[in-house]
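Following: one structure in C-alpha cells, then a few remarks.
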Amino acid sequence: MEGVTVLIVGAGPAGLATAACLSQFSIPYAIVERESCSASLWRNRAYDRLKLHLAKELCELPHMSYPVDAPTYIPKTLFVKYFDHYVERFNIQPKYLTSVESSTYDNDEKCWSIVAKDMSKCTTVKFMAKFLVVASGENSAENIPMFPGLENFPGDVIHSSSYKSGKSYSGKNVLVVGSGNSGMEIAYDLVTHGANTSIVIRSPIHVMTKELIHLGMTLAHRLPLNLVDKLLVMAAYLIFGDLSQHGITRPKMGPMTLKSETGRSAVIDVGTVGLIKKGIIKVQGSISKIKGNIVKFQCSKRMSFDAIVFATGYKSTANMWLKDGESMLNGNGLPIQKYPNHWKGENGLYCAGLARRGLAGIAIDAKNIANDIKSVMDSMSS
C-alpha cells in the first residue's frame with residue numbers, strides 16, 4: 001500500500017498540467033498512466049498531418065509557453081516535443097503501464113482507496129490518497145458505432161486513432177464516417193493520396209476557417225455570444241457559400257454558443273469543403289446496413305468500398321474504475337455540473353480535462369484543482 005497526498009490518474013495533457021500546478025505549491029503527488037508514455041493520444045493515435053486548430057497562445061499548459069519562434073498553429077511533432085519538455089521542466093515522473101482497476105472512497109479513513117495493475121510485472125499496486133484527480137480524458141476509448149453487417153465487411157475497418165496517412169489507400173474506395181475535424185481532415189488527406197473518398201455527414205455542422213475561430217474567441221471577450229455567432233455565420237457564408245446543396249447544413253445554435261453549451265466544436269476547413277463542392281469528395285447520408293463490401297445508405301443508395309475509417313470520436317472510461325464518483329460524473333463518465341463548476345466533486349475528488357474545453361480548459365482545470373487542494377491542506381494544518 002502506497003500512501004500519497006494526491007493521486008492523478010492519466011498522464012495526458014490534463015494530468016501533466018495538474019502535476020505541474022501541484023508542484024508549484026510543493027504538494028506531493030503520484031501520477032499513473034496505463035500507456036507506456038505521456039500524451040499517448042497525441043503521440044501514438046494522431047494522424048501525421050495534424051496541426052492544432054487553435055493559435056498557440058490558446059493551447060499552452062500552465063507555467064510554460066511555446067518557443068518564441070514556434071509557428072502560430074503547432075504541428076503534431078512540435079506538440080509532442082512540447083510535452084516532453086514540459087515533463088522535464090516540472091520533473092514529472094509518471095508510473096507508466098499502471099492501469100487503475102478500481103477506486104473507492106473509504107469513509108472511515110477519509111481517503112481514496114485505489115487498486116491498480118502494474119502491467120509490466122503483472123502485479124497489483126494499491127494506493128491510499130487524500131485527493132484523487134480523474135485526468136484519464138474524455139478521449140480514453142475509441143467509439144465505433146455498430147451497423148448491421150459491419151462485422152462481415154471484408155475490407156479495412158479502422159478508427160481514426162489508427163489512421164496515420166492515406167498512402168496505403170491510393171486508388172481505393174474509402175468511406176469516412178464522421179464529419180468532425182478529424183473526419184473532414186482525413187477525407188482531405190485520403191484524396192491527396194489518390195483515394196476515391198466519400199464521407200458520411202449525419203448531423204448539421206458549422207464550417208469555419210482558423211482565422212474565423214480565432215476572431216470569434218477574441219470577440220467573445222468583448223461582445224455577447226449571440227452577436228459573435230451572427231458575425232461568424234455571416235462571414236462563413238461569404239467564404240463558403242450555401243453548403244446545404246452539397247449535403248452540409250448548419251446547426252440552429254451558433255458556433256460559439258454550441259461550443260459553450262455542448263462542447264461540440266465547429267469544423268475548421270483545411271480544404272475539404274472545396275473538394276466536396278467540386279464533387280471530388282462525395283457526401284453520403286446515414287448508413288442503414290452493410291452487406292459484404294456494399295454499404296447501403298438510408299437514401300437507398302448503394303456503394304462498394306475497400307475500407308471504412310470511423311472518425312466517430314471517443315468516450316470516457318472513468319466510470320469503469322471510479323466508484324463513489326456520482327457527485328461529479330454522470331453515466332457517460334463526463335461532468336454533471338456545467339462549466340465552469342464541473343471540476344470538483346465530493347471527498348477530495350476532482351476531474352481535469354473532461355469539460356470539452358480543449359487545452360485552454362485543461363489549463364484552467366489544473367489551476368483550479370491545485371489551488372483548491374492547497375486551500376484544503378492549509379485549512380487542515382491551521
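Keep in mind the model is a prediction, meaning the values are calculated, not measured.
Relative to the six-membered ring of Tyr66, Lys56 misses at least one condition, a distance below 6.0 Å or an angle of at most 45° to the axis. Cation-pi geometry between Arg43 and Phe83 is not met at under 6.0 angstrom from the ring centre and within 45 degrees of the axis.
Side-chain contact between His206 and Pro251 is present, with heavy atoms from C-beta onward closer than 4.5 Å. Between Val200 and Phe297, the closest side-chain pair of non-hydrogen atoms falls below 4.5 Å. Annotation: side chain of Glu142 is not in contact with side chain of Phe310 (no heavy-atom distance under 4.5 Å).
Residue pairs meeting the salt bridge (Lys or Arg N to Asp or Glu O under 4.0 Å) criterion with at least one partner in residues 209-226, sequence neighbours excluded, do not occur; the list is empty.
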(request) Please test Tyr350 against Asp372 for side chain to side chain donor-acceptor pair (under 3.5 Å), starting from the C-alpha separation and ending with a verdict. (result) CA-CA 10 Å; Tyr350 303 90; Asp372 196 71; 2.7 Å; yes

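Under a 3.5 Å cut-off, the side chain of Asp306 and the backbone N or O of Lys172 do not form any donor-acceptor pair. Side chain of Tyr86 to main chain of Pro13: no donor-acceptor pair is present (N/O by atom type, distance under 3.5 Å, no hydrogens or angles). Looking only at distances, a side-chain donor or acceptor of Thr272 sits under 3.5 Å from a matching main-chain atom of Met184. At least one donor-acceptor pair closer than 3.5 Å links the side chain of Asn319 to the backbone N or O of Gly331. Between the Lys367 side chain and the Pro62 main chain, no donor and acceptor come within less than 3.5 Å of each other. Although no hydrogens or angles enter the test, the distance criterion places no donor-acceptor pair under 3.5 Å between the side chain of Ser244 and the main chain of Asp242. Using a distance-only test at 3.5 Å, with no hydrogens or angles considered, no donor-acceptor pair links the side chain of Asn143 to the main chain of Gly313. Side chain of His246 to main chain of Ile248: no donor-acceptor pair is present (N/O by atom type, distance under 3.5 Å, no hydrogens or angles). Distance alone, capped at 3.5 Å, is enough to place a donor-acceptor pair between the Asn330 side chain and the Gly333 backbone. With Ser23 contributing its side chain and Ala20 its backbone, the two residues share a donor-acceptor pair below 3.5 Å.
At a cut-off of 3.5 Å, with distance as the only test, no side-chain donor of Lys130 or Thr5 sits close to an acceptor on the other residue.
A continuous path of Ile, Leu, Val, Met, Phe, Trp and Tyr side chains, each step under 4.5 Å between heavy atoms, connects Ile281 with Ile239, placing both in one hydrophobic cluster. Linking ILVMFWY residues whenever their side-chain heavy atoms come closer than 4.5 Å, directly or via other members, places Leu354 and Trp321 in the same cluster. Hydrophobic clustering keeps Leu7 apart from Leu97 (ILVMFWY residues linked when any side-chain heavy atoms are closer than 4.5 Å, directly or through intermediates). Follow the hydrophobic side-chain contacts under 4.5 Å out from Ile280 and you reach Val176 in the same cluster. Put simply, Val233 and Ile268 are part of two different groups of oily side chains (I, L, V, M, F, W, Y) that touch within less than 4.5 Å, one to the next.
Taking the six-membered ring for Trp and the full ring otherwise, Tyr339 and His342 have centroids separated by under 6.0 Å.
Contact between Ala195 and Val174 at its shortest, heavy atoms only, is CB-CG2, 4.1 Å. Minimum heavy-atom separation, Ala187 to Ile199: CB-CD1, 4.2 Å. Closest heavy-atom contact between Gln298 and Ser288: CG-CB, 3.8 Å. For the pair His193 and Asp189, the tightest heavy-atom approach, listed with the atom from each and the gap, is ND1-O, 3.0 Å. Taking all atoms of both residues into account, the shortest heavy-atom contact from Ala55 to His214 is CB-CD2, 3.6 Å. Across all non-hydrogen atoms, the minimal contact from Ile362 to Ala14 is CG2-CA, 3.5 Å.
For Lys51, the NZ atom is loosely surrounded, since the number of other residues' heavy atoms within 6.0 Å does not exceed 12. Around the NZ atom of Lys277, the shell of radius 6.0 Å holds more than 12 heavy atoms that belong to other residues, nucleotides or ligands.
Atoms OG1 and CZ, from Thr98 and Phe127 in turn, are 6.5 Å apart once rounded to the nearest 0.5 Å. Taking OG of Ser38 as the reference point, atom CG of Asp84 lies at 6.0 Å (rounded to 0.5 Å). Of the inter-residue distances, the one linking Met217 atom CE with Lys259 atom NZ reads 8.5 Å to the nearest 0.5 angstrom.
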